[in-house]
Amino acid sequence: MAWNTVKQALSTEPGAQITLKGWVRTRRDSKAGGGLSFIQLHDGTCFDAIQVVAKNDLPNYESEIQRLTTGASLVATGTLVESKGKGQSVEMQASEVTVVGWVEDPDTYPVPQKRHTMEYLREQAHLRVRTNTFGAVARVRHTLAAGIHRFFDERGFNWIHTPIISTSDAEGAGQMFRVSTLDLENLPRTPEGRVDYDQDFFGREAFLTVSGQLNVETYCEALSRVYTFGPTFRAENSNTSRHLAEFWMIEPEIAFADLADNARLAEDMLKYLFADLLERRADDMAFFDQHIEPGVVDRLKGIIESPFKTVTYTEAIDILEKSGKKWEFRVQWGSDMQSEHERYLTEEHFKQPIHVINYPKAIKAFYMRLNDAGTDNAPGETVAAMDTLVPGIGEMIGGSQREERLDVLDQRIREMGLDPQEYWWYRDLRRYGTVPHAGFGLGFERLIQFCTGMKNIRDVIPFPRAPRQAEF
RNA sequence: UCCCCGGUAGCUCAAUUGGUAGAGCGAGCGGCUGUUAACCGCUAGGUCGCAGGUUCGAGUCCUGCUCGGGGAGCCA
């Protein structure tokens, strides 16, 4: 059966006969003209709700309409008219209102029309999307996801579905969740007394992936421009507003490319996404700007308009040392930058997103390309790594040019105490037609946080997974 | 995992030096109003996170546990 969305209705000329289906946000009654009710109806198709006016001549006015409460679902048919009241240009004059689903006890309905804390709503994850804030987050999340696919598609990238289950136990990005069908109460043992993974589902140890990068590199060296966009998993016991155990990551990989190409791609992508978001979801973004973080819209506009700044790690350390700031953690060439350092650089010193490139090799992963000696006049060896830092979030993107030289790669693997044999298929890429290539990883939820101003990452994913949190 | 802070009506919070609980919002009913963060009146609603302990007496003090928040580390 055909019906109209609230979004369509709000942009339709008065006079049209329409049918709307949705949920009641509020109901207000008036005694005027013998009695009428104003129902704010939303269906999630846009930020705004529409006002449905139901008069007392409807057969179920007293029996049903006057008993409607926040959260009830209904179908309303009527005429779109110019509103006689202030606050909206059009409204529906209902000729028929059918209640589809009641709220069984309005007194204990978890999300009545009142102010709620984010923490409380997090405990009502199945209902919180009915609120203005979480409806807006859901639409923005979708728009960014669709924008990502469109951005890459327009540039000839192929979306590669890298596996969720991984058998390499050292992708180098943190603790992994084990995937097993073994009976934990009765584990099979080897003669030496260790767990016998030969008898497990895959005949070996398996985990949920922490990154699709190694896999996607293989497709890069055949399709040239590829990316992954899917869930990744970290079993780190991290309890912060910026970490999830299950989060989505975007990882493009480009062949015949260096670190500068990589940085350009990251910048182009972010600018494209921000512009796309402001255009397609102006209504939701206006809400975030007004109620969640004043200034988000201008912040995104500012980024779209100005080129990103690139600084080397060595320069960044110099800036931090000369800042005159008292650091909780020592600033020293060779040490990884702490949150306070990253935030100072992007929020106070440069006041814009920046790429920090060429990090000391000791603090970065084995697959990052070793720079020539003397690069940046650095006091030690560096790799072609890149972190994109943004105000308010800190690190949003981490990437690198990959090491394409087999001998250098093998040496780096050994230096990290890893076994080259474990990476046999990854090494094959360097044995058969190797090419310079580069890529980066973008945490999708951090991107959403940045665009919306939402403070806690658990509020930008429908059902957050975090230590001791997997209720829904 | 570490450091701080908190857990009292459906929600957000009060409760003096320990003396058996209050408000606002929400909800229900009534009044008023083309209403829209409505307004006015009335009503209902609480094993004060859980388990011990101190005390004549514990929401209030002590211990353990648990849940939530902020920050840090790890990172995206």
Side-chain angles (χ1 to χ4, degrees), chain A residues 25-41 48-55 66-67 69-71 81-88 91 93 103 105-124 127 131-132 171-175 210-213 231-251 291 328-329 336-340 342-343 363-365 387-390 393-399 440-450 455-459 461 466-469 471:
Chain A
R25 189 147 267 156
T26 59
R27 189 199 87 234
R28 293 176 297 275
D29 297 330
S30 172
K31 283 284 157 56
L36 71 166
S37 292
F38 302 95
I39 300 161
Q40 291 299 131
L41 193 72
D48 288 317
I50 191 170
Q51 177 158 284
V52 174
V53 183
K55 291 191 169 165
Q66 288 204 300
R67 288 174 46 225
T69 60
T70 302
V81 298
E82 275 185 51
S83 182
K84 294 180 196 165
K86 291 169 186 167
Q88 61 280 317
E91 63 190 20
Q93 198 68 246
V103 168
D105 180 8
D107 191 33
T108 56
Y109 180 57
V111 286
Q113 192 66 12
K114 77 178 285 291
R115 280 196 167 282
H116 297 287
T117 59
M118 295 292 175
E119 293 76 29
Y120 170 73
L121 289 170
R122 210 170 292 149
E123 294 169 358
Q124 307 294 337
L127 298 172
T131 64
N132 280 333
E171 286 171 0
Q175 286 290 110
V210 295
S211 161
Q213 182 200 314
T232 51
F233 307 85
R234 304 282 166 89
E236 302 286 353
N237 188 12
S238 46
N239 290 283
T240 82
S241 55
R242 303 186 308 284
H243 291 85
L244 290 166
E246 177 182 288
F247 65 100
W248 287 59
M249 192 150 62
I250 299 105
E251 297 175 287
H291 295 286
E328 188 184 341
F329 293 90
D336 213 351
M337 278 191 274
Q338 303 295 317
S339 294
E340 56 172 343
E342 295 180 340
R343 296 184 74 142
I363 57 172
K364 290 292 180 182
D387 281 0
T388 303
L389 311 180
V390 298
I393 303 286
E395 183 181 342
M396 187 149 76
I397 287 176
F440 63 82
L442 166 68
F444 187 47
E445 284 74 18
R446 288 191 182 171
L447 175 71
I448 302 170
Q449 277 191 281
F450 183 71
K455 293 289 178 292
N456 196 309
I457 199 166
R458 299 174 194 201
D459 298 329
I461 189 168
R468 309 196 63 82
Q469 189 172 60
E471 174 72 18

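Per chain, numbering begins at 1; letters A, B, ... match sequence-line order. All values derive from a computational prediction rather than experimental measurement. These numbers come from the heavy atoms of this one structure, side chains and all, not from hydrogens, waters or symmetry mates.
- Of the possible donor and acceptor atoms, none in the side chain of A/T232 sits under 3.5 Å from a partner among the backbone N and O of A/W248.
- Note on A/S30: every side-chain N or O is 4.0 Å or more away from OP1 and OP2 of B/C32.
- When all heavy atoms are compared, the tightest approach of A/L244 to A/I461 is CD1-CG2, 3.8 Å.
- Contact annotation: A/Q113 side-chain N/O to B/A27 OP1/OP2 distance is not under 4.0 Å.
- One atom, CG of A/L389, and another, P of B/C75, lie 14 Å apart when rounded to the nearest Å.
- As a whole-Å value, the separation of A/E471 CD from B/G68 P is 10 Å.
- The gap from the C1' atom of B/U16 to that of B/C3 amounts to 32 Å, rounded to the nearest Å.
- Of the possible donor and acceptor atoms, none in the side chain of A/S37 sits under 3.5 Å from a partner among the backbone N and O of A/D29.
- Spacing between atom CZ of A/R27 and atom P of B/A27 amounts to 10 Å, rounded to whole angstrom units.
- At B/C75, none of the side-chain N or O atoms of A/S238 fall inside 4.0 Å of OP1 or OP2 (strictly under the cut-off).
- Note: A/R27 CZ to A/R67 CZ = 10.0 Å, rounded to the nearest 0.5 Å.
- With hydrogens and angles left out, the side chain of A/E119 and the base of B/U12 share no donor-acceptor pair within 3.5 Å.
- Here the side chain of A/P106 is nearest to one of B/G28, B/C74, B/U33, namely B/G28.
- Atom CE of A/M118 is separated from atom P of B/U12 by 13 Å (rounded to the nearest Å).
- Phosphate contact (OP1/OP2 of B/G71, side-chain N/O of A/T240, threshold under 4.0 Å): absent.
- Closest to the A/T70 side chain, of the nucleotides B/C67, B/G34, B/A27, is B/A27.
- Whole-Å rounding puts the A/N456 CG to B/G68 P distance at 12 Å.
- Base contact: A/F247 has a heavy atom under 4.0 Å from a base atom.
- Within the 4.0 angstrom heavy-atom criterion, only backbone atoms of the sugar-phosphate kind lie near A/F329; the bases stay farther away.
- Atom pair A/M249:CE and B/C75:P shows a separation of 13 Å (rounding to whole Å applied).
- Closest to the side chain of A/K114, from the set B/G24, B/G69, B/A27, is B/G24.
- Residue A/S339 has its side chain nearest to B/G73 when only B/G73, B/G28, B/C74 are considered.
- Ranking B/A72, B/G34, B/U12 by closeness to the A/Q93 side chain, first place goes to B/G34.
- A donor-acceptor pair under 3.5 Å is absent between the side-chain atoms of A/Q40 and the main chain of A/R25, judged by distance alone.
- When the C1' atom is compared between B/G22 and B/A44, the two are found 16 Å apart, to the nearest whole Å.
- Closest to the A/Q469 side chain, of the nucleotides B/U35, B/G68, B/C74, is B/G68.
- Residue side chain A/D107 reaches the base of B/G26 through a donor-acceptor N/O pair under 3.5 Å, judged by distance alone.
- With hydrogens and angles ignored, a donor-acceptor pair closer than 3.5 Å exists between the side chain of A/E91 and the base of B/G34.
- When distances are taken from the side chain of A/Y120 to each of B/G10, B/G70, B/C74, the shortest belongs to B/G10.
- Here the separation of B/C13 from B/G49, taken at their P atoms, is 14 Å to the nearest Å.
- Closest to the side chain of A/N239, from the set B/U35, B/G26, B/A72, is B/A72.
- B/G24 and B/G34 have their C1' atoms separated by 28 Å, with the value rounded to a whole Å.
- Not a single donor-acceptor contact under 3.5 angstrom links the side-chain atoms of A/H116 to the base of B/C11.
- Listed for the A/Q113 side chain is no donor-acceptor partner under 3.5 Å among the backbone atoms of A/T70.
- Residue A/P467 is the one, among A/P467 and A/I457, whose nearest nucleotide of RNA chain B lies closer to the 5' end (criterion: closest heavy atom).
- Below the 3.5 angstrom threshold, one finds a donor paired with an acceptor across the side chain of A/Q51 and the base of B/U35.
- Comparing atom distances between the A/R242 side chain and each of B/U35, B/C74, B/U33 picks out B/C74 as nearest.
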Intermediate values then yes/no, side chain to side chain contact (heavy atoms under 4.5 Å, CB included), A/Q469 and A/R122
CA-CA 10 Å; A/Q469 189 172 60; A/R122 210 170 292 149; 4.2 Å; yes
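- Using atom C1' as the reference point in both B/A51 and B/G10, the two lie 27 Å apart (nearest Å).
- Across B/U8 and B/C50, the matching C1' atoms stand 15 Å from one another, rounded to whole Å.
- Expressed to the nearest 0.5 Å, how far CE of A/M118 lies from OG of A/S241 amounts to 13.0 Å.
- Taking each heavy atom of A/Q175 and A/V210 in turn, the nearest pair found is O-CG1, 4.1 Å.
- Counting any heavy atom pair closer than 4.0 Å across all strands shown, A/S241 reaches sugar-phosphate atoms only and no base atom.
- Around atom CD of A/E82, no more than 12 heavy atoms belonging to other residues, nucleotides or ligands sit under 6.0 Å away.
- A/V390 pairs with exactly one of A/E342, A/Q449, A/R343, A/M396 by the side-chain contact (heavy atoms from CB on, under 4.5 Å) rule, that one being A/M396.
- At B/G73, one or more side-chain N or O atoms of A/Q338 fall inside 4.0 Å of OP1 or OP2 (strictly under the cut-off).
- Nucleotide B/G71 holds its P atom 8 Å from the CZ atom of A/R343, rounded to whole Å.
- Atom CE of A/M337 and atom P of B/C74 are 13 Å apart (whole Å).
- Contact annotation: A/R115 side-chain N/O to B/C11 OP1/OP2 distance is not under 4.0 Å.
- Distance noted for atom P between B/C42 and B/C61: 35 Å (whole Å).
- Atom CG in A/L447 sits 13.5 Å away from atom CE in A/M249 (nearest 0.5 Å).
- Position along RNA chain B of the nearest nucleotide to A/R468 versus A/D336 favours A/R468 as the more 5'-ward residue.
- A close approach under 4.0 Å does not occur between any side-chain nitrogen or oxygen of A/R28 and OP1 or OP2 of B/C39.
- Residue contacts shown for A/L244 include a base, since a base heavy atom lies under 4.0 Å away.
- A gap of 25 Å separates the C1' atoms of B/G46 and B/G53, to the nearest Å.
- One finds a side-chain N or O of A/R122 lying less than 4.0 angstrom from the OP1 or OP2 phosphate oxygen of B/G69.
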Using Watson-Crick and G-U wobble pairs whose two distances are both under 3.5 Å, how do you write the pairing of RNA chain B as dot-bracket, with | for links to another strand?
(((((((..((((.....[..)))).(((((.......))))).....(((((..]....))))))))))))....
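- With B/G34, B/U12, B/C75 as the candidates, the nucleotide lying closest to the side chain of A/T117 is B/U12.
- No engagement by A/T26 is indicated, since no non-hydrogen atom pair under 4.0 Å with the nucleic acid exists.
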